[in-house]
Every structure is written in C-alpha cells, then in structure tokens.
Amino acid sequence: MSYQYILVDQPAEGVGRVRLNRPKALNALSSPLMDEVNEAMLAFNSDPSIGAMILTGDDKAFAAGADIKEMDGMTAIDMLMTVSLIERFEMQRLSKPVIAAVSGYALGGGCEIAMACDMIVASETALFGQPEINLGIIPGAGGTQRLTRAVGKALAMEIMLTDRKLKAEEALHYGLVNRAAPLDEYMDVAISIAQKVARRSQVAIRLTKEAVNKAYEMTLEEGLAFERRNFLVAFGSEDKVEGMRAFIEKRRAEWTNR
Ligand code: DAK
C-alpha cells in the first residue's frame, strides 16, 4: 500500500509504525492524511503478526493540529459531514495498544490524537497544547475531556483558556506522558515499550486495554465487574495455560494468542 501523507513500517518484530509525513505543514491533520492514518492503523490492527503500534510525526512536529487552511473554508455542516479521522478516529477503539511518540509540536488535534493513544513517549522538545481558543473555537476531538482527566481541572483550564503549553518534563510531571527522553532516544524508547507489549499474549493485552479504558467510563462497581469478566475470559485462554506452565517450567512462554 502506498501513501501520500504518511510513512508506514515495522521498526521491530511485532511493531507497526505510522509516521505522519507532511513536514512543510508541521504534519497538520488534513482529511486526506487522517484517512490514510485510519486505513494504516486499521490494517495493523487486523494483522495477526502485529502486537502494538506506534503513531508518530517527525522530530519538529508530531502534529500542529487540524489543518486550519482546510477548516477555514468550511461551514459547521461541512465539518459535521466530513468523514475525517479527527472526528471519527479513536485510537482507544483499536484493540491493540498504540503508543504515541511525540516530538516537537503536539497542538490542538495533534495533542488530542496523542491523548487518544494508550501511552505517550515524549522527546525533550515536545510541546503539548490546545491553542484552539486563539482561533475562536474549542477543542473538538477529546481535549476538554482527556486533558482534564490526565492533568486535572485547574491545569487543563489554564491550558485551554490561556493557551499555556506544556513542555515534556512538565507533561511527565503532570502525568500526561509515560516518558520524557532525549531527542535522539525517544523513538527507541517508544519502540522498546511497543516491543514489550508485542511480546505478550495478544489475548491478555487486548482484555487489559479494554478494562483499563473502562475505568474512565464506569463506576468503580461496574468497572470491577467488567474487569472480573475480562479476567475470566483470559483465564479460559490457551495462553493462560501456557503462561502458567512456562513459569513453573522456568522457560519463556510461547504465546499462540488463543
Ligand atoms: N494547519 C495548517 N497549516 C499549519 C498548521 C495547522 N494547524 N500549523 C502550521 N501550519 C503551517 C503554516 O501555515 C506554515 O505553512 P506556510 O505558511 O509555510 O505555507 C507551516 O506549517 C510552518 O508553520 P509556521 O511558519 O507557523 O511555523 P512556526 O515555527 O513559526 O510556528 C506553530 C509553529 C506550531 C507555533 C504555528 O505554526 C502554529 O501556531 N500553528 C497552529 C497551531 C494550532 O492552532 N493548532 C490547533 C489547530 S485547531 C474537530 C475536532 C478537532 C479539531 C477540529 C475539528 N471535529 C470534531 C470535527 C481540531 C482543531 C485544531 O487542531
């Protein structure tokens, strides 16, 4: 499959990577680019040889937001009817974990897509923000919800109402990202985390991801019931039998993802 706005590869066994590739526009998330990301991520999600994915940009920009030049000429109804990734795409809905490797700008829709991933690795140059307020709009792809859950109401308000931007170290401090790493290391860190995920049972990984995401959407009681159900599904898997036998026999487990 050849793409115009993204690069797709497998930097390590079991790891699929999608790189946004519109450097001249700081990887602004145009509809055609979004459609390509959607297609590539869905393809990885249904490829049995892939256990985890990385979504990234380049060193200067993860993504500077939705494409303002595209949105400039659009009406609200155009926006409503546009089948764009930013409107429809939720990394969270993919069954396999997605790690955002963020360097440079992650603004507006860029920040929102990173937050919709399961983990974020930031380079030291990463800058997170929701500057929509400067354009007379508000975040529309999860910013008001995910950022608030991630960093708390007070800071989220400041970021969204005053365009305060968070550097990598601050983002780490406030729990928005998993790791902050030097520019020449952040991708290796992301790949290493993705490999750790990809080496596990895809059955158990999928059930875990699902249950963790429910923590945002359910009461504790409902969430615990959901977790118990997923636990029992995992307990009935062939990988459970293999995992426990491998432990007892002091060998590495050979997962069949069944
Ligand atoms: N869209 C289009 N082009 C962009 C862009 C963007 N978001 N960001 C940068 N570019 C382009 C610039 O126009 C420039 O292009 P040329 O003029 O060279 O043709 C090129 O990238 C380089 O940018 P600059 O010259 O501005 O570079 P600087 O280093 O001086 O500044 C900057 C970098 C990131 C601070 C600056 O470019 C900037 O402020 N960019 C805009 C950031 C921003 O406001 N982002 C939020 C966009 S609004 C929705 C859900 C969500 C959304 C929409 C709909 N629905 C549910 C439907 C999301 C909205 C947003 O993300």
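These numbers come from the heavy atoms of this one structure, side chains and all, not from hydrogens, waters or symmetry mates. For ligands, and for the atoms within them, numbers begin at 1 and follow the listed sequence.
For the pair Ser46 (side chain) and Leu42 (backbone), a donor-acceptor distance under 3.5 Å is present. Under a 3.5 Å cut-off, the side chain of Asn27 and the backbone N or O of Arg22 do form a donor-acceptor pair. At distances below 3.5 Å, at least one donor-acceptor pair connects side-chain atoms of Lys96 with backbone N or O atoms of Asn45.
A donor atom on one side chain and an acceptor atom on the other are not found under 3.5 Å apart for Glu242 and Thr256.
For a threshold of 3.5 Å applied to N or O pairs, the pair formed by Ala66 and ligand 1 contains at least one separation below that value. Checked against a 3.5 angstrom limit, the closest N/O atoms of Gly109 and ligand 1 fall inside it. Taking only nitrogen or oxygen atoms, main chain and side chain alike, Lys69 reaches within less than 3.5 Å of ligand 1. Taking only nitrogen or oxygen atoms, main chain and side chain alike, Ala141 does not reach within less than 3.5 Å of ligand 1. Checked by distance only, ligand 1 and Ala28 stay at 3.5 Å or farther apart across all their nitrogen or oxygen atoms.
Of the options Leu26, Asp67, Leu80, the smallest heavy-atom separation from atom 37 (O) of ligand 1 is shown by Leu26. If you check each of Ala64, Gly108, Ala25 against atom 45 (N) of ligand 1, the one with the closest non-hydrogen atom is Ala64.
The side-chain heavy atoms of Arg19 and Asp58, taken from C-beta on, include no pair separated by under 4.5 Å.
Remark: ligand 1 atoms within the under-4.0 Å shell around heavy atoms of Met79 are 54 (C), 57 (C). Within ligand 1, counting atoms from 1 as listed, the ones closer than 4.0 Å to a heavy atom of Glu112 are 51 (C). Atom numbering of ligand 1 starts at 1 in the shown order; those under 4.0 Å from a heavy atom of Leu135 are 44 (O), 47 (C), 48 (S). Proximity to Leu107 (heavy-atom distance under 4.0 Å) selects the following atoms of ligand 1: 34 (C), 42 (C).
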Q) Which is it for Asp59 and Tyr186 under the side chain to side chain donor-acceptor pair (under 3.5 Å) test, yes or no, and what are the steps along the way? A) CA-CA 10 Å; Asp59 288 351; Tyr186 80 101; 3.1 Å; yes
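By the 4.0 Å heavy-atom criterion, Glu70 is excluded from the residues contacting ligand 1. Using a 4.0 Å cutoff on heavy atoms, Gln130 does not count as a contact of ligand 1.
Taking a cutoff of 4.0 Å between a charged side-chain nitrogen and a carboxylate oxygen, Arg245 and Glu254 do not qualify as a salt bridge.
For residues 134-144, the side chain to side chain donor-acceptor pair (under 3.5 Å) pairs, not counting sequence neighbours, are Asn134-Asp163. A side chain to side chain donor-acceptor pair (under 3.5 Å) check over residues 169-185, counting only residues at least two apart or in different chains, returns the pairs Arg164-Glu170.
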